[in-house]
There are 2 protein chains.
Amino acid sequence: MSGASVAAPREQAVEAALDRAASACAARGAQLTALRRQVLRLVLDAPHPVGAYALLDQLRAERPGAAPPTVYRALDFLQEQGLVHRVERLNAFVGCTGPEAHHHCGHGHDHPHQFLICASCGATAEICDDRVAAAVRDAARAAGFVPTRTTVEVEGRCAACVAAGQGGPSPA
Amino acid sequence: MSGASVAAPREQAVEAALDRAASACAARGAQLTALRRQVLRLVLDAPHPVGAYALLDQLRAERPGAAPPTVYRALDFLQEQGLVHRVERLNAFVGCTGPEAHHHCGHGHDHPHQFLICASCGATAEICDDRVAAAVRDAARAAGFVPTRTTVEVEGRCAACVAAGQGGPSPA
DNA sequence: GCGATATGCGATATAGAATAACGTCACCCC
DNA sequence: GGGGTGACGTTATTCTATATCGCATATCGC
């Protein structure tokens, strides 16, 4: 580690992501306002999925008048823009670290994605597996169902926790 | 339809399911008490996923002292027994109509399942697709992740609504 | 019979998640 | 300068879920 006094790598990455987000929004005619940017920053800063009220508490440090609708409206916007995802199992939100952010697999900003949620450490990884997406689509179609949005969330133990715990559970 | 005055087919089916559930619990050393059976009946009676507080309201008709923990504890038990599932997207519960109930595809009472949720009419179908389950498992493993439970929920339009609406949205 | 432990449930309180409804202000376009 | 739109403030309420304490009963070993 080389001196954290100026700007930690993570902070730089978040700033870069915020700038990319602003560009992406602008390109679609949407505005990443100061408030929305602030909320997005809070989500991206969090190491794990964050609840809306945790965001609200943090937001209030800078914006005393903030209320639930403040944060929910911002989150709705950010979800529409594909900048954050909601983790249904946790009633919480994560920054999108998938294709939208890094252009890994060529999907739009409403891309299919899946979450791997570690029950032990709380880490939540976003993956983008085409076989999963295809299998789900086919299964739905086979039932005469026309899918619009799909939620895939896997709970289990992440590689790090498996390595550390050698199988036993140690939920934080 | 032949006379609903004695016992509608649906009621009979629910009663049969309740008896099957009681047997299954007994076989595992768990007790399907009167309260739990009552809650399970309410879930099975509902045509669509039901919220915990809707169940609570109904439950109070027969059991005035019922409070949130009453219904949540019953639901936790029923979920452990694989008799009901939670639909994360809806914060609601459905009776298990999958392999556990009908022995369709040879899984235990912690079987993989997927939901197809119609945004138009609210109908929620449970399916049990092995390709989906396998794809999800493989994707998780590829990330070094050891899965324990998986949620797959597809939102869209069911066959009936697609046929009726010819494509346009008419969310009830 | 008697205490020990476990389970199921009643009852109260509180925390957490989400939305409804209404008002204001800025901006833009004509 | 009137009208529309979008973003946000503000207040209130609803819905979802859990924590905690306490009581009754059942079951077991002795």
Side-chain angles (χ1 to χ4, degrees), chain A residues 21-22 25-26 28-40 42-43 46 48-81 83-94 122 151 153 171, chain B residues 21-22 25-26 28-40 42-43 46 48-81 83-94 122 151 153 171:
Chain A
C25 287
R28 295 180 208 121
Q31 333 172 30
L32 188 65
T33 62
L35 172 62
R36 290 164 175 172
R37 188 178 174 115
Q38 223 168 350
V39 172
L40 178 55
L42 291 173
V43 173
H48 293 327
V50 219
Y53 280 66
L55 289 172
L56 181 55
D57 286 345
Q58 294 180 257
L59 190 58
R60 276 179 168 148
E62 305 173 79
R63 205 176 271 259
T70 310
V71 62
Y72 278 104
R73 284 193 287 232
L75 287 169
D76 284 347
F77 172 85
L78 295 170
Q79 283 179 269
E80 278 165 20
Q81 298 298 315
L83 298 168
V84 312
H85 294 304
R86 182 184 157 72
V87 185
E88 301 289 344
R89 287 187 74 90
L90 306 178
N91 291 335
F93 302 84
V94 285
T151 300
E153 296 177 1
Chain B
C25 287
R28 294 180 210 121
Q31 336 172 28
L32 187 65
T33 63
L35 171 63
R36 290 164 175 173
R37 189 178 172 114
Q38 223 168 350
V39 171
L40 178 54
L42 291 173
V43 173
H48 293 327
V50 219
Y53 280 68
L55 290 173
L56 180 55
D57 286 345
Q58 294 180 256
L59 190 58
R60 276 177 168 151
E62 305 173 78
R63 205 175 269 260
T70 310
V71 62
Y72 278 104
R73 284 191 287 228
L75 287 169
D76 285 347
F77 172 86
L78 296 170
Q79 283 179 268
E80 278 166 18
Q81 297 298 316
L83 298 169
V84 312
H85 295 305
R86 182 185 158 76
V87 185
E88 302 289 345
R89 288 187 74 90
L90 306 178
N91 291 334
F93 302 84
V94 286
T151 299
E153 295 177 0

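All of these numbers come straight from a predicted model, not from anything done at the bench. Just so you know, these numbers use all the heavy atoms, side chains as well, and skip hydrogens, waters and symmetry mates. In what follows, chains carry the letters A, B, and so on, assigned in the order in which the sequence lines appear, proteins first and then strands, with residues in each chain numbered from 1.
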field: For atom CG of A:Asp76 and atom P of C:dA20, their distance in whole Å
entry: 11 Å
statement: Between A:Glu88 and A:Glu153 the two heavy atoms that sit nearest each other are N-OE2, 2.7 Å
query: Do you see a donor-acceptor pair shorter than 3.5 Å between the side chains of B:Gln79 and B:Arg86?
result: no
- prompt: Is there a residue in residues 56-69 of chain B whose heavy atoms reach under 4.0 Å of DNA chain D, and which residues are they?
  reply: B:Pro68, B:Pro69
- prompt: OP1, OP2 of D:dG9 versus side-chain N and O of A:Thr70: anything below 4.0 Å?
  reply: yes
query: Do any side-chain nitrogens or oxygens of A:Arg73 fall under 4.0 Å of OP1 or OP2 in C:dA18?
result: no
- request: Round to a whole Å and report the spacing from CG of A:Leu90 to C1' of D:dT18.
  value: 16 Å
message: Measure CG/A:Leu75 against P/C:dA17 and give the value in whole Å, please.
response: 12 Å
query: Going through the checks in order, is the side-chain contact (heavy atoms from CB on, under 4.5 Å) test met by A:Leu59 and A:Thr70?
result: CA-CA 9 Å; A:Leu59 190 58; A:Thr70 310; 4.1 Å; yes
field: Flag, side chain of A:Arg37 to backbone of A:Leu32, donor-acceptor distance under 3.5 Å
entry: no
Pairs: protein N or O with nucleotides 28-30 of chain C N or O, under 3.5 Å:
none

- prompt: Hey, does the side chain of B:Arg86 come within less than 4.0 Å of D:dA17's phosphate (OP1/OP2), counting only N and O?
  reply: yes
Interatomic distance, A:Asn91 CG vs C:dT19 C1' [rounded to whole Å]: 14 Å
task: Figure out the OH/P separation between A:Tyr72 and D:dT14, and round it to whole Å.
output: 17 Å
message: What's the closest nucleotide to the side chain of A:Gln31 if the choices are D:dT16, C:dC9, D:dA7?
response: D:dA7
- prompt: Could you give the CD-to-C1' distance, from A:Gln38 to D:dA7, as a whole number of Å?
  reply: 14 Å
task: Measure from the ring centre of B:Tyr53 to the centre of the six-membered ring in the base of D:dT16, then say whether that distance is under 5.5 Å and the planes meet at under 30°.
output: yes
message: I need the CZ-P distance between A:Arg89 and D:dT16, as an integer number of Å.
response: 18 Å
field: Between P of D:dT16 and CD of A:Glu88, the distance in whole Å
entry: 14 Å
